[in-house]
Every structure is written in C-alpha cells, then in structure tokens.
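Reading through the structure tokens given below for one structure.
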Number of protein chains: 2
Amino acid sequence: MKLDDMIIVSVDDHVVEPRDLFERHLPDKYRDLAPHVIRREDGSDVWQFMEHQIPNVGLNAVAGRPREEYGVDPTQYEEMREGCFDIEKRILDMNANGLLGSLCFPSLPGFAGRLFGSLEDKQAARILTEAYNDWHIDEWCGTFPGRFIPLAIPAIWDPEVTAAEIRRVAKKGCRAITFPENPVPLGLPSLHTDHWDPVWKACEDEGTVVCMHIGSSSQLAVTSMDAPFDVTILLQPMNIVQCAADLVYSPIWRKFPGVKIALSEGGIGWIPYFLERLDHTDDVHSTWTGADFGGQRPSEFFLEHVILCFISDPVGLELLRDHIGVEHVTVEIDYPHSDTTWPRAPETLMDEFSAAGLTDDEIDAVTHLNAMREFHYDPFSVIPREDCTVGALRAQAIGVDVEPKAMAKRDRADHDGPITIKDITVTA
Amino acid sequence: MKLDDMIIVSVDDHVVEPRDLFERHLPDKYRDLAPHVIRREDGSDVWQFMEHQIPNVGLNAVAGRPREEYGVDPTQYEEMREGCFDIEKRILDMNANGLLGSLCFPSLPGFAGRLFGSLEDKQAARILTEAYNDWHIDEWCGTFPGRFIPLAIPAIWDPEVTAAEIRRVAKKGCRAITFPENPVPLGLPSLHTDHWDPVWKACEDEGTVVCMHIGSSSQLAVTSMDAPFDVTILLQPMNIVQCAADLVYSPIWRKFPGVKIALSEGGIGWIPYFLERLDHTDDVHSTWTGADFGGQRPSEFFLEHVILCFISDPVGLELLRDHIGVEHVTVEIDYPHSDTTWPRAPETLMDEFSAAGLTDDEIDAVTHLNAMREFHYDPFSVIPREDCTVGALRAQAIGVDVEPKAMAKRDRADHDGPITIKDITVTA
C-alpha cells in the first residue's frame, strides 16, 4: 500500500473548548451558571465555574510548538495552535495530517465529565451536561459532516440520568460515551457493583461504545512525591492495565455481553503479556477464587469486549497478528497532546506497519475499518471514498503551515533540580 | 539440547523458616526476644514476636498440594510440604525438579526485613538481623555447599547498619541482599533521595546484587476493596513496572554505576513495551523535564543495570533475542509459592525455549550462566559440572514423591460471593 492511499480514522484526539462553548445551547436561566473564560494575572486563561478555576494545562495543547515549550504550566488561547479549539482550523490540521475521522475527548469537564456534578442543583448539572454534549455533537462534530465520531460525556453523579443522556444523544447519532477507567478514586462505586447497570444497559441497547481514557479516574501514577515527573509520564499510560484487570473480573460483560469498551490511549504492546498473565492466573487460582469464564479462556473473553488503540507501538504491531488479533486494534493521533504524531502520523504509521510486515488488508482494518465497524461510523456515505485518503486530504491542505512555532508569551518559572509531582498544576 | 542436559539455577525461591531458626545464632541475652512459633486456637502456626503474630499464609507454601487447597488462610507446618522449611527435604525437592542452585527469599521478616526494626532497642534489632542472616547463610545455604546463592536481609531502618551488614555477610560469601521495590509505602525515604547511599556504596564495593522482589514494598495492587482478589493476583507482578520506572530515573545508577538490581519475580514479557515507552518519554519530554542519560538511550541504561527473571513467559521469550537481550535474563522456580513450576520446571522451560527457537548457547545463558556471572555463584568449583544437570540431579531423587497431596487439616471458611481483598489475611 502506498502511504497516500491509506485512510486514517483516529479514535483518540482532544478538543480544547472555545470561549463561546455555552452561547447557543443553554436556556437563558442557566446562562450565568455556565463556566466562562477569564484571564488571570499570570496571563493564563482559565474557566471560572462556581469557585473552581480550570486551567488549560500546557502539555494538553502543544501540537505545533517546539519541545522546548512543552510543560505543565497553565496556558492561554494565544499560546495554542488554533486547531486546538477552532473547528475550521482543526479540519485544516486534520487534512494536513491526512486524517479522515476523529473522536475528540473533552478538556473542560474532565474525561469523566464530573465538573458539572459539583453543582448542588442537579437539574442544572444535567442541563449543562446536555448543553455540552449538544455543542460537541452539533457544532464541533456537526460543522463538517462525516469527519468526526461524536463522543458524549456522562452525568457521572447519576447512572439513571447518564442512561437517559446516552439514549438522548444516540438519537442524534452519537454512540460513544466517556467513562472513568476506575470510578473509585472519584469517590464513586467501583466497576464491581451494580450501581452502573443502567449505564451498561443503555449502552448495550443503543450500541454505544464506552471510552475509558487513561487518566480518566483523575488518579496520577505517583510512586513518591519526590520522583521526577518523568516517572509519572512513563507510568500513566501503563496504568491502564489496572482498568483491564478490573474489567475482565467485573460483572459488566457477564450481565451485558453487548457492551464494547475502548481503552483510549491504552497502547497495545502490553496486551500479549497481560493476556498471558490472565490465562495463567485463571489456570492456577480460579479453583479457589471461584472466577468463572463459562469455559472460555479469559484472554478471549477480554478481547471479545474491548477496542484497543495505539499511537506509535512497534512492539505491539510485531505481536499484532499472532498475539492480539488484527480485528481488535485501531489507531489514534492524540492531537493536540504531547504524544501526538501530528503532522506526520501517516509516515509514522506506514514505517511501523512496514516493519511489522502488515498486509494491505491488515492496514485497512487497523487504520479505519475496525473503527468504522465498532463506532458505527460511516464516512463514505457522506464523502466519496476516493476523497478520504491521506493523499486526497493532504491535497486540500496545501498552504497549511505545520512547522513548529514558538508560541510562549510569558517566561517560564525556573526549577531547581528535577521537576517532580510537587511542581505540577493538578487540574480538576 | 536435551532436557536432561540443562543446568538450572533459580534466582527466586522462598524459605518458610523452621521453628528452630534462632536456636543457634543468638547470644543468650536476646533469646527471649526472638520470635517463636505458637499454635493458635484455629490450628494455625504463627510466629509470636512482641505484640505481633505473623502467620504463614497458605498461598506462600502450596507446592505439592492440589489447587483445591490453595488459599490465603493462615496455615500450620503439618499442612506444608516439608521441603518448605526442612533443608534436607528441600534438597530432595530441588533434585526431583532437576534444580542445581537456588536463591531463597525470607518469609518471617518480610521481603524487606523490616520485622526486626519494630523493636525499639535498635541494637537488639541489629542482633536479630545478624542472627537471621547467619542462620540463612550458614545453615540453610551452608548445609549443602554449592547448591544455594545466599541472600541477606537488610536492617532497613538504618542505611549505615545495612551497609555494615552487607560488608559483614560478603566476607561469609553472601553477595545478594533484599530491598523493597519502593520504600515509600513502608514509611521510608524514596529511591530518589540520598538516604540510601551507604547501602548502594556497600553493594558497589562488594559486588552485592540488590534483589527487589514484587510485593516487597508491602503495597498490594488494589483497584477497589470490592474487586475480586483475582484482580490483585493478576496485577501484583505487573506492578514491578513502577519500580523499574523509579530506578531508571533515580540517582542510584548515576552515582553508583556498579550496582546491579534484580527485579525478582518481575517477569520479562512487559520489558519490550516498557523500553519502547521509556525511549519515547525521553524523546518527547526530556527537553523540558531535564532528564539526562548522558547521551545513552534510557533503554540501554536500564538494561545495563538490571537482572531480569521469569518463571514461565512465552511472550517474553519470543521477544528475548531482539528486544531484551539474552544476557539480561535468568530463570526462577518460585518454590513453594503458587506460581511455581515445580516439579516440572525443566519440561516447562524446554517447551518455551523450543517454541521461541532458542539456541543451546542461549539456553545455557538463561538457565545458569547469566545467574552464575551476576551473582558470583560458582557451583562447578564444588560439584563436578556433569553432576549438575537435570538428568544427574533427578537420578539422585528417585523415590521422592512429587504427586500432589491433600494436606489440609481443617475446614475452610465458606465465602458468599467472590473472594475480595476484604477477605484476605494481610501479613506484616
């Protein structure tokens, strides 16, 4: 396969919400309640909501900036590439990267959407959640039909309200929802309870994919407070193994076998070892623990119910065919976060596919066919297939400048010694 | 290579301390202070020490028992295979498994040896530590010369005392010490401080290997209190990735490059993905975090300083040559814990070596040559090489009965629903 002939769908990107997010989707009486952007004295733009101030952390919007400017300080809109928050510019950046389709995670309300739940008035919290989802579906995704897989946030404080929201947005064509990879650190019941059954039931009924993004429990991987922050950066994605272990032993798939769960930004290189340990644990211990997979190997049971993805993962791709299964894996770009392969995702992917010896059919499955099937996403009904390739999309982006540009408007604080977790701005 | 011609050295087994542990190595004035075994009303044998009672947990001594009898209830000596605690029987069990050499971790004082530190009288704590190590080196390992790699426990409450103990036992031929994979959960300074420098200095001077066993921080991998215990069993070994991340970013190897650290019971199948993420983290983030590997790839830096091992790990072996490096990997048997491959370790290993296509030289490196080099262990100076093979050792074990035997003396408590962390006896 030629690089220009690939068709790429990313199941994990991010949107930095624009200032006017709440302008067109809220009843008047809730307008004053909604988060709004203020500029702080330090020059950063933050969302003010009740007594909370929610910054946009630098690392969450570094696409197009040189690595010297990476960091975790709060940022301002003028320090971000416009594609982070402007849908017209986002499409240009997608085209420049040859990217057809994108699923975008939220920033402001948190991956688990819990921000609005801090309102005591739960009716207001529900209205803000619905407004957020309407903005995301109708404006962010709706402006360019066929280019996005919409993703709703839950009303995480109430499973019944969340279930209703899943059903409401499904009618608008949104069949993916975010959910914390472990609700316990958020003070909520675990995946091992029946508390969330209304959510799983709604997802099963509507064919809605549950997207559990790394870090969505708001729990950072911290070994000690004085460890260099690199330790946390390195461990955070690998922590998804805890979610995987919870899922496979939870009642969710036993009671609702139709529920598909995406391990967003989870990577794939760890999967074969995880499956090996899983089957081993079952062999050795199920006799006394009573774990029951109905005669199926737990590794098969797990793979049947998850959607995996990767950004760049040579080891995972080498093990793909024989140890994971081509049909379970999709790709992600992670724009505009620091791990993104933008604007050279096609080149990175093709290099890794070639090194791993993937066939054209396998490449098509991983780059777009699996994502289309699992997320009920049908771009070719809107855009002719021949206009969806890397080559065709990049031809529409001539003149888009993708070179790194220094954008810092302010001096950075000096650090004495390595940057540790204590130096980090922790967001909601 | 024929199975009978393999020579196997295990760098991770366990001893259940016998009742008479302290009888011959303590000055009289400390005799009453020493832990001693009592039988509780529930029929279990526990070590009484100050106000503590330390049980032998069932899963820690299940070799030779049927899987129906696995569990985490406290046990009694008569419910264990004698090879757990009797050195004469242990050698027979090693022979029956074709095992030449074994490094045995402690049970009673904890992997990090911290039990004795609970004494307010730190001089007494030191004397008990020395007595424990003398018993381990002179009796447990000394009875059958050439068959064991001795392993000392640290005086974990005091780095200077630990350093002195490392130097003392090195003179007796012991050049391995246990150390917690993360001291922080034990209330001790992290691996990122200079608190432990005297320990690393002594290890570097004496060529002493630091053995960090999974679980040695006494922190269990728990996602929620109501998760089935299988989740913890599955995650516990995978948690070693946190230790690996700490080590690579700690000052230890930068200040003491001669220190070798063994990730005991760490497995190997996760290593290639870890190395991929490590180099990626360095590529993307070192510019702003300041992480410095002196121009070396962090993956190389890591591998240069660790000793890896596995029990059964087909994925890891498949990736061994191209993604890990044959010279870094050793084997373990984990007798008498539940993950042990006893009494059929040679068969398990040979099957996995064959599937991975290892050459004879690679098999020799992994089964014994790497362990001999890294742990300064020279069995062939004591026992002729031709008497060290699987075939030769098994020939000495004719009549040893290795069939599983029911040994439970008491009824097990019934559980309603899955066994969770709340049902587990947590030891010191």
Show me the donor-acceptor pairs under 3.5 Å between chain A and chain B.
unit_1: A:R67; atom_1: NH1; unit_2: B:D283; atom_2: O; d: 3.4
unit_1: A:N182; atom_1: ND2; unit_2: B:T223; atom_2: O; d: 3.1
unit_1: A:S190; atom_1: OG; unit_2: B:D226; atom_2: OD1; d: 2.8
unit_1: A:S190; atom_1: OG; unit_2: B:D226; atom_2: OD2; d: 3.1
unit_1: A:T223; atom_1: O; unit_2: B:N182; atom_2: ND2; d: 3.1
unit_1: A:T223; atom_1: OG1; unit_2: B:D246; atom_2: OD1; d: 2.6
unit_1: A:T223; atom_1: OG1; unit_2: B:D246; atom_2: OD2; d: 3.1
unit_1: A:D226; atom_1: OD1; unit_2: B:S190; atom_2: OG; d: 2.8
unit_1: A:D226; atom_1: OD2; unit_2: B:S190; atom_2: OG; d: 3.1
unit_1: A:D230; atom_1: OD2; unit_2: B:T289; atom_2: OG1; d: 2.6
unit_1: A:D246; atom_1: OD1; unit_2: B:T223; atom_2: OG1; d: 2.6
unit_1: A:D246; atom_1: OD2; unit_2: B:T223; atom_2: OG1; d: 3.1
unit_1: A:E276; atom_1: OE1; unit_2: B:V315; atom_2: N; d: 2.8
unit_1: A:R277; atom_1: NH2; unit_2: B:D339; atom_2: OD2; d: 3.2
unit_1: A:H280; atom_1: NE2; unit_2: B:D339; atom_2: OD1; d: 2.6
unit_1: A:D283; atom_1: O; unit_2: B:R67; atom_2: NH1; d: 3.4
unit_1: A:T289; atom_1: OG1; unit_2: B:D230; atom_2: OD2; d: 2.6
unit_1: A:V315; atom_1: N; unit_2: B:E276; atom_2: OE1; d: 2.8
unit_1: A:E318; atom_1: OE1; unit_2: B:H323; atom_2: NE2; d: 2.7
unit_1: A:E318; atom_1: OE2; unit_2: B:H323; atom_2: NE2; d: 3.4
unit_1: A:H323; atom_1: NE2; unit_2: B:E318; atom_2: OE1; d: 2.7
unit_1: A:H323; atom_1: NE2; unit_2: B:E318; atom_2: OE2; d: 3.4
unit_1: A:D339; atom_1: OD1; unit_2: B:H280; atom_2: NE2; d: 2.6
unit_1: A:D339; atom_1: OD2; unit_2: B:R277; atom_2: NH2; d: 3.2

Only pairs of heavy atoms separated by less than 4.5 Å count here; which of [options] has the most with chain B?
options                : value
A:L278, A:V62, A:L235  : A:L235
A:L191, A:I419, A:V231 : A:V231
A:L234, A:V184, A:I268 : A:L234

Identify which of B:P237, B:A244, B:A227 forms the greatest number of heavy-atom pairs closer than 4.5 Å to chain A.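 Going by pairs under 4.5 Å, I would pick B:A227.
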
Output the option from B:P228, B:P183, B:A221 having the highest count of non-hydrogen pairs under 4.5 Å with chain A.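 Of B:P228, B:P183, B:A221, B:P228 has the most heavy-atom pairs under 4.5 Å with chain A.
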
side-chain contact (heavy atoms from CB on, under 4.5 Å) against A:A112, all qualifying residues, sequence neighbours excluded: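 Applying side-chain contact (heavy atoms from CB on, under 4.5 Å) to A:A112 gives A:P180, A:L186.
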
Go through the atoms of A:L319 and report whether side chain, backbone, both or neither lie under 4.5 Å from a heavy atom of chain B.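 For A:L319, side-chain heavy atoms alone lie under 4.5 Å from chain B.
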
